[in-house]
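To find a chain, count down the sequence lines: A is the first, B the second, and so on, and within it residues start at 1. No hydrogens, no waters, no symmetry mates; every other heavy atom, side chains included, goes into these values.
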Amino acid sequence: MHTLHRNDQELRRLEELHELLHRGINPYPPTFEKSHSSQHILSGFTDENAQDFSSVRLAGRIMAIRKMGKATFCHLQDDAGRIQIYLKKDDIPDFYDILGNLDIGDIIGVSGHVFRTKTGEISVWAKQAILLCKSLRVLPIAKEETDEQGNKVVYDAFADKELRYRKRYVDLIVNPEVKDVFVKRSKIISTMRRFFEDRGWLEVETPILQPLYGGATARPFITHHNALDIELYLRIADELYLKRLIVGGYEGVYEFCKNFRNEGMDRSHNPEFTLMEIYIAYKDYIWMMGMVEELLSTLCMKVNGSHTVSYDGHELSFQAPFRRATMYELITEAINEDIRGYDREQLLAVARKNNVEVESTASGMKIFDEIFSQKVQHTLIQPTFVMDYPVEMSPLAKAHRSEPGLVERFELYVAGTELANCFSELNDPIDQRARLEDQARIRAAGDDEAMVVDEDFLYAIEVGMPPTAGLGIGIDRLVMMLTGQTSIRDVLFFPQMKPEKQAH
RNA sequence: GACCCCGUAGCUCAGCGGUAGAGCAUCUGACUUUUAAUCAGAGGGCCGAUGGUUCGAUCCCAUCCGGGGUCACCA
């Protein structure tokens, strides 16, 4: 589908465009005054109130044409749906003359009255019609039929994933259910904003280009600023900046932040993705669990009209409360052995016994993590708060109030994947410095995902941050779950794709 | 990054050693309430790219490009 290449159908459309110009018709007029949407008419019209629909003006893209000599039926698609238009030569002789130069994909405006055809379909009888945009490209149009049970059957749907992602605008035109997913995405985000705003929390913006990156363990994208002649990193997480704002005196801040991580891509990873991070002063991770339950059940109800949603063969329930269990409890449940306090050798033995694959050089922490990943994670289908992580896995979380060696942290798992991450934020500056210096040592030893020491962040923590709860929710994954999509590419308008290489 | 599958007309697909086929879409004609409209006719393809094997390659082999999936990395 190269830009300059035109096939025979497209060359013919160019000719039609020239014919229209030759006839003195502007194929791209400036405006059209609409009075109704298709949905408005289809849901509002009854045979009794026909007089209320005696004069409607609507516009849309031609999606089907059935010409029958001196009368033509076509279907027009607008933002809200599709409606049939009836065009009769006697009524609109001038427009009817140029009908031969119009195609599926062109956009027209129509005014007329609403009626019901012999076969019962609510339609608009055009008394005037005007071309609003001549299309020069062919749409991969599918045919639809409604069978006897009233189910919609689609023939030859535009299904090529690659083309659908590369030409998303075409996908949106011909696959209407794709539009619905993105409407839901928008609704999820606006509902979250309202939820936070109602509680007095402040939406903020923080830098995407950062001289130091932090707040997560991930490889960054690196770029260069010419005037300053320095390297800058694209944000991998929002955490360190939002905490500075809590230090600055705001008591609730959040951001829908685009993050960039220079890592592999698959069904749940795109190199840029959206995270919502929120920090609330004077709260802890226990309080945050309640907030997350309320938020997610609100969102699911708002988007799906129900607290349940089907996803990847599961019926997920976002009805609060969600299950809460500690990491150790879940592991004990899965392998029938309490591994609290085990050293590296003992963990390795447990891993072997339970067929957990680990590299022979893995640290004790890594082995522990693998046991959880391979034995527990995939079993967490219904929303589950996994609580209390080992301190080594969480350099920015506060030490547990009663369990030595652990931090006050939870991750919310749904359908076997992580949806949210939260901790009581570490605000002890001495402890924080020690943890980041540990990270720096790990980094120096060759782990390029370990965090770097951010002195300004440490300075802020030394100025003093109140006790604070922080939460991150993966928006793309949330949208996937609430809309039943199992690929992140289906909840992003323009997922990252390899550039098509030009033939040489 | 590894492995498996895929790439044929605008779309969805069939074909498989003798340089291509269907449905829809398109074009011409008929048709003033059709709806996967119908009826009659027609055009349309560097069979992803490059090499190799062969008398001959869309088909077999190799490499490359792009996509999907699984795994790894990763949230």
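At U34(B), one or more side-chain N or O atoms of Lys118(A) fall inside 4.0 Å of OP1 or OP2 (strictly under the cut-off). Side-chain nitrogen and oxygen atoms of Arg166(A) include at least one within less than 4.0 Å of the OP1 or OP2 phosphate oxygen of G67(B).
Taking atom C1' in both C11(B) and A36(B), the straight-line distance is 14 Å, to the nearest Å. Rounded to a whole angstrom, the distance from the P atom of C60(B) to that of G15(B) is 12 Å. Taking the C1' atom of each, A25(B) and G17(B) are spaced 32 Å apart, rounded to whole Å. The gap from the P atom of C13(B) to that of U50(B) amounts to 25 Å, rounded to the nearest Å. Here the separation of G43(B) from C4(B), taken at their P atoms, is 44 Å to the nearest Å. Look at the P atom in both U34(B) and A14(B): the space between them is 36 Å, to the nearest Å. Between C16(B) and C61(B), the two C1' atoms lie 16 Å apart (nearest whole Å). Between A57(B) and C46(B), the two C1' atoms lie 14 Å apart (nearest whole Å).
Asn7(A) has its CG atom 12 Å from the P atom of C27(B), to the nearest Å. If you measure from atom CD of Gln84(A) to atom P of U32(B), you get 17 Å, rounded to the nearest angstrom. Between Ile236(A) atom CD1 and C74(B) atom P there is a gap of 13 Å when expressed in whole angstrom units. When rounded to the nearest whole Å, the span between CH2 of Trp125(A) and P of U34(B) equals 12 Å. Rounded to an integer number of Å, the gap from NZ of Lys127(A) to C1' of U32(B) is 14 Å. Atom pair Arg164(A):CZ and C11(B):C1' shows a separation of 13 Å (rounding to whole Å applied). Across the protein-nucleic acid pair, Met497(A) atom CE and G66(B) atom C1' stand 8 Å apart, rounded to whole Å. What separates CG of Asn262(A) from C1' of G1(B) is a distance of 14 Å, to the nearest Å.
Closest approach of Ala450(A) to Ile442(A), counting heavy atoms only: CB-CG2, 4.0 Å.
No more than 12 heavy atoms of other residues, nucleotides or ligands lie within 6.0 Å of CD in Gln128(A), so this atom counts as exposed by the packing criterion. Other residues, nucleotides and ligands contribute more than 12 heavy atoms inside 6.0 Å of the CZ atom of Arg116(A). Atom CD of Glu357(A) sits in a sparse spot, with 12 or fewer heavy atoms from other residues, nucleotides or ligands closer than 6.0 Å. Surrounding NZ of Lys258(A) are at most 12 heavy atoms belonging to other residues, nucleotides or ligands under 6.0 Å away.
Tyr233(A) and Phe221(A) have their aromatic ring centers separated by at least 6.0 angstrom.
Counting non-hydrogen atoms under 4.0 angstrom, Glu411(A) reaches a base of the nucleic acid. Contacts of Ala64(A) with the nucleic acid, taken as non-hydrogen atoms under 4.0 Å apart, are absent. Contacts of Tyr96(A) with the nucleic acid, taken as non-hydrogen atoms under 4.0 Å apart, are absent. Backbone-only engagement by Ala157(A) is indicated by non-hydrogen atom pairs under 4.0 Å involving sugar-phosphate atoms exclusively.
Considering only the side chain of Glu162(A), G66(B) comes nearest among G66(B), U34(B), U32(B). Between G66(B), U34(B), G68(B), one nucleotide has an atom nearer to the side chain of Lys498(A) than all others, and that is G66(B). Considering only side-chain atoms of Asp103(A), the nucleotide from G44(B), C27(B), U34(B) that sits closest is C27(B). With G68(B), U33(B), U32(B) as the choices, the nucleotide that has an atom nearest any side-chain atom of Tyr165(A) turns out to be G68(B). Considering only side-chain atoms of Leu163(A), the nucleotide from C11(B), U33(B), C31(B) that sits closest is C11(B). Residue Gln9(A) has its side chain nearest to G10(B) when only U12(B), G10(B), U32(B) are considered.
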Please set out all donor-acceptor pairs under 3.5 angstrom arising from side-chain atoms of residues 85-94 of chain A, sequence neighbours excluded.
from, atom 1, to, atom 2, distance (Å)
Asp91(A), OD2, Trp125(A), NE1, 2.7

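Between Glu162(A) and Met497(A) there is a side-chain heavy-atom pair separated by less than 4.5 Å.
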- Query: Taking it one step at a time, do Val56(A) and His40(A) satisfy side chain to side chain contact (heavy atoms under 4.5 Å, CB included)?
  - Reply: CA-CA 10 Å; Val56(A) 300; His40(A) 191 169; over 6 Å; no
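Nearest-nucleotide mapping onto RNA chain B: of Asp90(A) and Ala142(A), the residue sitting toward the 5' end is Ala142(A). Both Gly69(A) and Ile104(A) lie near RNA chain B, and the one whose nearest nucleotide falls closer to the 5' end is Ile104(A).
Lys134(A) contributes atom NZ, which lies 11.5 Å from atom CD1 of Ile108(A) (distance to the nearest 0.5 angstrom). Distance check, rounded to the nearest 0.5 Å: CZ of Arg13(A) to CD1 of Ile104(A) gives 8.0 Å.
Between the side chain of Glu121(A) and the base of U34(B), no donor-acceptor pair of N or O atoms lies under 3.5 Å.
Under a 4.0 Å N-O distance rule, the pair Lys398(A)/Asp284(A) does not qualify as a salt bridge.
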- Note on the structure: Given Watson-Crick and G-U pairs under 3.5 Å, RNA chain B in dot-bracket ([ ] crossing, | other strand) is (((((((..((((....[..)))).(((((.......))))).....(((((..]....))))))))))))....
Check nucleotides 69-73 of chain B for protein N or O atoms closer than 3.5 Å to its own N or O atoms and list the pairs.
from, atom 1, to, atom 2, distance (Å)
U70(B), OP1, Arg267(A), NH1, 2.4
U70(B), OP2, Arg267(A), NH1, 3.4
C73(B), O2', Arg219(A), NH2, 3.4

